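Because the structure is a prediction, the values reported are computed rather than measured. The chains referred to below are lettered A, B, ... by the order of the sequence lines, with proteins before strands, and numbering in each begins at 1.
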Protein chains: 2
Amino acid sequence: MQQEKLATIEDVAAMAGVSIATVSRAINEPTKVADATRRRVTDAIARTGYTTNAMARSLRMRRSNMILILAPDVGDPNFSNILVGLETEASKRGYGLLIGNTQNDPSRETDYLRFISSNQADGLILFTGHLPYGLSQSPPAARLPPMVAVNEPVIGKGVPFVGVDNFEGARVATEHLISQGHRRIAYIGHAPHREVSRLREEGYRAALAGAGLTADPRLVIDGDGTTESGRAAAELMFVRDALPTAFFCVNDATAMGVMIALNARRYELPRQFSIMGFDDISFASFLTPSLTTMKQPRHRMGEAAMDLLLALLAGEEPTSREVLLRAELIVRNSVSRPSNQ
Amino acid sequence: MQQEKLATIEDVAAMAGVSIATVSRAINEPTKVADATRRRVTDAIARTGYTTNAMARSLRMRRSNMILILAPDVGDPNFSNILVGLETEASKRGYGLLIGNTQNDPSRETDYLRFISSNQADGLILFTGHLPYGLSQSPPAARLPPMVAVNEPVIGKGVPFVGVDNFEGARVATEHLISQGHRRIAYIGHAPHREVSRLREEGYRAALAGAGLTADPRLVIDGDGTTESGRAAAELMFVRDALPTAFFCVNDATAMGVMIALNARRYELPRQFSIMGFDDISFASFLTPSLTTMKQPRHRMGEAAMDLLLALLAGEEPTSREVLLRAELIVRNSVSRPSNQ
DNA sequence: ATCAGTGATGTAAAGGTTTTCATGATTGGT
DNA sequence: ACCAATCATGAAAACCTTTACATCACTGAT
């Protein structure tokens, strides 16, 4: 049983004493071939160790059963967990995943589109929040390849989106702080043009409004989502001498920065200040105090996005162009009732 | 310029007034075609928007320019950073990456091998530390597909390996502790069958031996690499009342567990106990005290592994079957001179 | 006994490349 | 001026499937 040449469908056909068409049918539409014949074929397949050549198959069928993932940074744990969800669903449905790490480099984005245009991938999952460079200037008439945005929506291009309900999540988080008795609650956001941050800020404001409160402008600061920006934002409030009793941060990294600033100033947490994050990154539970936060259902997001894309590929019109999953409140130890009520 | 049917090589040939063979040559071996003709062809390519159909190309050439990555968990930041390195190098050399998340499930490992046997991938990168299930029982005579193990070696199968020099790294780490004056140094390891842990323990012992010290058996404990196991190991030492002045942990997660245990017992760090980890995970610098550790050159590991695999694919005999990169000592604040010298 | 319908199989085309081999044209050396 | 060598190109085979269409043998109804 030499591996020199891989067995082809012809070898199988010869061994089973049928034509290659019958072998193909026995594999792909088993009901269309007589029982006895089918047995002979499956037997021959087993004996030869035959596997269909995916290249030939894709060439003929004009589809590859591959999905291209375009992400700025696959190393980001934020993405990689969604990736696992994408992979789970894709693999279950017989699809493979091709990864394209773009590092936000337009030329790399364009470059990866060759997988689409060369038929090497049937569809596209976008983590980038924008159309890949090579597609963005096309007139809207030009048909786009089937694609789904995940985590970060592509605004105004009609790209179906799967993500977390940021507005709702931020509202739940803020309401949690309010329910503990907080009235002066700060919000530390991302750059304002980021859709994610805008929605979370709106959710924050909605929760305040719902409790008859209004946001103190001095307590709403835009950072850039990094730990350092969280630290800087907290410091800024001390300098301005406009202090909240609780901080709601656009993400856990920012929350960690706030905690670092407060620890450095020797405040006791959460007694003197409460802190909430968003994301539930892997070490949120290991901070001191462990961080109360909103957990993103990343695995499910990946599955849902892939499911939507595969439906698109199957020609189904999606029931909705936007799937929003709920973030889950994870209560830990960084929130308590305010001391100086 | 309708996108209905993609332009084929034939369209280009017709427009340029040459045969398809010439078009193919103009693309792949430009020197072999006359200047004037080449210009006409490139012009026609631009006008038609032609892209080579990768399926047809792969079918004919019997290779796909794709590499399959087999990893137990792509979400693990430990892996994902290496993945970025793999991707960088692969993309630079015109290869694409296919990801296979196996979750250590033998059936998924076997399943993913179909990409190899169906010619959809030319080579294999193994993160799993063992041959994929479908290959492991083959007689050694059966030729294995080209593959390279990364991060975790595949023992005894002659699979080329790219990883960090664990022995050397552990020695450097331990020597760092010794240089600070520590004499009683604990080692908290992984499960002993893990090659990684075994090598780091050896490096630890070598450093001790080099300084004329021997390891106190009560200070060498096997955990499982989790934060919880680090906590438990430290507790165990308190229960046994056999205490070191410094802990060297097989990884940062374990070190974090040790820090949690010591913090809970209200020790002041690093004054009363020094701690070293291994890995330099993303939040090592955010712990209090920030963690002194050995940084793994993950990005470079990925690049080196891909480079090695592509050399293998090109038919070159690898210069060495093992590439070990040095870990880098990252000095932060979790190590000081022992107080009770 | 005939005919329509059904079911199982085979033939051959199509999918889009790369590459071997052949052909003709051109060059350069004598 | 001729021959050999080189160069540029084209025709056609090969890569391995899937599938439309044709064929043939049956079944069951008239």
**Student:** So how far off straight is the helix from C:dA1-D:dT30 to C:dT30-D:dA1, going by the axes through five pairs at either end, to 10°?
**Tutor:** 40°

**Student:** Applying side-chain hydrogen bond (donor to acceptor under 3.5 Å, both in side chains), which residue pairs with at least one partner in residues 7-16 of chain B are found, sequence neighbours left out?
**Tutor:** none

**Student:** Output the single nucleotide from D:dC16, D:dT9, C:dG16 whose closest atom is nearest the side chain of B:Val33.
**Tutor:** D:dT9

**Student:** So which nucleotide from C:dT19, D:dT17, D:dA11 ends up closest to the side chain of B:Ser19?
**Tutor:** D:dA11

**Student:** From CZ of A:Arg63 over to P of C:dA14, roughly how many Å is that when rounded to an integer?
**Tutor:** 22 Å

**Student:** Using atom CG of B:Asp35 as one end and atom P of D:dC7 as the other, report the distance to the nearest whole Å.
**Tutor:** 14 Å

**Student:** Under 4.0 Å between any heavy atoms, over every strand shown, what does A:Ser24 touch: base, sugar-phosphate, or nothing? Just pick one.
**Tutor:** base

**Student:** CZ of A:Arg38 versus P of C:dA8: gap in Å, rounded?
**Tutor:** 10 Å

**Student:** Hey, are B:Asp35 and B:Arg39 close enough for a salt bridge, meaning a charged N less than 4.0 Å from a carboxylate O?
**Tutor:** no

**Student:** Could you check which of D:dT18, D:dT17, C:dT18 has an atom nearest any side-chain atom of B:Asn28?
**Tutor:** C:dT18

**Student:** B:Met55 has an atom CE; how far is it from atom P of D:dC16, in whole Å?
**Tutor:** 15 Å

**Student:** For A:Ile9 and D:dC15, what is the distance between atoms CD1 and P respectively, to the nearest whole Å?
**Tutor:** 15 Å

**Student:** Using a 4.0 Å heavy-atom cut-off across all strands, classify B:Ser118 as base, sugar-phosphate, or nothing.
**Tutor:** nothing

**Student:** Please figure out whether B:Leu59 or B:Thr22 has its closest DNA chain C nucleotide nearer the 5' end.
**Tutor:** B:Leu59

**Student:** Base, sugar-phosphate alone, or nothing: which one does A:Ser58 contact when heavy atoms must sit under 4.0 Å apart?
**Tutor:** nothing

**Student:** Is it true that A:Asp111 and A:Arg108 make a salt bridge, defined as a side-chain N closer than 4.0 Å to a carboxylate O?
**Tutor:** no

**Student:** Answer with yes or no whether B:Arg25 presents, from its side chain, a donor or acceptor under 3.5 Å of a partner atom in the base of D:dG10.
**Tutor:** yes

**Student:** If I take atom CD1 in residue A:Ile20 and atom P in nucleotide C:dA12, what distance separates them, rounded to the nearest angstrom?
**Tutor:** 11 Å

**Student:** Grab the CZ-P distance between B:Arg57 and D:dT17 for me, whole Å please.
**Tutor:** 21 Å

**Student:** What is the distance from OH of A:Tyr50 to P of D:dC16, rounded to the nearest Å?
**Tutor:** 10 Å

**Student:** Under 3.5 Å, is there a donor-acceptor pair linking the side chains of B:Arg62 and A:Asn53?
**Tutor:** no

**Student:** Tell whether A:Arg60 reaches the base of D:dT18 with its side chain through a donor-acceptor pair below 3.5 angstrom.
**Tutor:** yes

**Student:** So, B:Arg57 versus B:Asn65: side-chain donor-acceptor pair below 3.5 Å or not?
**Tutor:** no

**Student:** Just call it for B:Ala34: base, sugar-phosphate, or nothing, with non-hydrogen atoms closer than 4.0 Å on any strand.
**Tutor:** sugar-phosphate

**Student:** Before accepting this row, confirm whether a basic side-chain N of the pair B:Lys92/B:Glu89 lies closer than 4.0 Å to the acidic partner's carboxylate O.
**Tutor:** yes

**Student:** Closest to the A:Arg62 side chain: C:dG15, C:dT17, D:dT9?
**Tutor:** C:dG15

